[in-house]
Each structure stands twice: as C-alpha cells, then as structure tokens.
Amino acid sequence: REHVMSSEWTSAGEEKKTELQCCGNQCPHLLVCGHRCWMTCHTGPCPDADECEKKTPVRCPCRRIKRDFPCRDVRRGEVSVSCSLECEEEKLRKQKEKDELARKQREEARLKNEREIEEFKRKIEGRKRRRKEKVVQEEARGFWQTYARIIKAGAGIVIVLFVLEIGRAV
C-alpha cells in the first residue's frame, strides 16, 4: 500500500494499524535456519526458526537416498535417514571396482618393470658379447693373419728390387 487515509488510521485498532503498516507480501527476512519467513509482511521480529515448516532434504550417509522433512525436526535432530541394503550393496560394488582397478594398475606396473629389466639385461648382454667376440677374434688370428699385409708388402718390394737389379745386369 502506498497511502493510508488519516481517518482510517486514527479510527483503527492495534490489529488494524499493524495490517495497514504492512505491504501484504511475504516477509523478505531470512530466519536463522536460512529459510525465508513464511508470514506476510509484519512489524516486529520474525518467528523463531524452531517453528519453520519448510521442507529440508536429508540424505543417508552415502548420499544415495534423499528424504524431505520439516526444517524444525531437522534442526532439533529428530530425523535421520539410514542407508538401505541397496546402499550397502552399492558401497561393496564400488569398493570391489576400486580394488580391481588398483590391482590392475599394480599388475601393469609390475609388467612394465619386468619389460624394462629384460630390455636393460639385453642391452648389457649385447655389449658384453660384442666385446668378447672382438677379443676372441683377435686371439684367434694367427701370426700369418696378423702380419700378412706387412709380409706381402715387404715381399713385393723385394721382388721389384730384384727385377730392377736383373734389368741393370742385362
């Protein structure tokens, strides 16, 4: 209401004056519980939150089941929702999935480690083999194989000199 006639105000009783001071809409104030005051616009303090009738959702510990209860009962702690058999089964199923995933990850890590170890061993053994093969090849060479080039080169020089010497003599 925007305007109240003075004659209406002066002739009104206490209840009527309170009604004339209000706008007629719902009270905009919030109660301690967080809900809006359910009364129409009023003067003075809002009612106690322990009288709040708004529906408040309450969930079971695993948060699977949700039920609505009056706010006042929830604030007093008079209501609770417990897990059902389905909740327990769901918890067990999720735990099994979690355990299975962890087991798979451990197995994958173990296999990866084994592959890395085998690859490392192959690399190390390959290096050792090559070294051993070179040493064995060097040891297996005889005198002739080791000094054949030098002997051949020397023999070639001797032959050339011999041929040159024979050519001078003739």
Only residue of Q105, K104, R110 satisfying side-chain hydrogen bond (donor to acceptor under 3.5 Å, both in side chains) with E107 is R110

Heavy-atom check, side chain of L31 versus side chain of E51, under 4.5 Å:
no

Correct closest heavy-atom pair for C52 and W38 would be CA-CZ3, 3.7 Å

Exercise for review: Could you check if a side-chain atom of C37 sits within less than 4.5 angstrom of a side-chain atom of Q26, using non-hydrogen atoms only?
Suggested key: no

Q. Just wondering, do R36 and H29 contact through their side chains at under 4.5 Å, heavy atoms?
A. no

Requested in this report: Report yes or no: do V81 and V79 belong to one cluster of Ile/Leu/Val/Met/Phe/Trp/Tyr joined by side chain heavy-atom distances under 4.5 Å?
Outcome: yes

If we only count heavy atoms from C-beta on, is the V58 to R67 side-chain gap below 4.5 Å?
no

Self-check item: D50/R76 under salt bridge (charged side-chain N to carboxylate O under 4.0 Å, His left out): CA gap, chis, key distance, verdict
Solution: CA-CA 8 Å; D50 289 335; R76 291 179 191 153; 5.2 Å; no

Rounding to 0.5 Å, atoms NZ (K152) and CD1 (I157) come to a distance of 14.5 Å

The single option from K98, R103, K96 that satisfies side-chain hydrogen bond (donor to acceptor under 3.5 Å, both in side chains) with E100 is R103

Between R59 and K66, the two heavy atoms sitting closest are NH2-CD, 3.6 Å

Those residues at least two apart in sequence (or on a different chain) that pass ring pair (Phe, Tyr, Trp, His ring centres under 6.0 Å) with F69 are none

Using a 3.5 Å cut-off and no angle test, enumerate the donor-acceptor pairs between side-chain atoms of residues 82-93 and protein atoms at least two apart in sequence or in another chain.
unit_1 : atom_1 : unit_2 : atom_2 : d
S84    : OG     : E86    : N      : 3.3
S84    : OG     : C87    : N      : 3.4
E86    : OE1    : R64    : NH2    : 2.9
E90    : OE2    : R93    : NH2    : 2.4
R93    : NH1    : E97    : OE1    : 3.4
R93    : NH1    : E97    : OE2    : 2.3

Here the gap from T56 atom OG1 to D68 atom CG, rounded to the nearest 0.5 Å, amounts to 7.5 Å

One should read off an interatomic distance between C27 SG and M39 CE, to the nearest 0.5 angstrom, of 8.0 Å

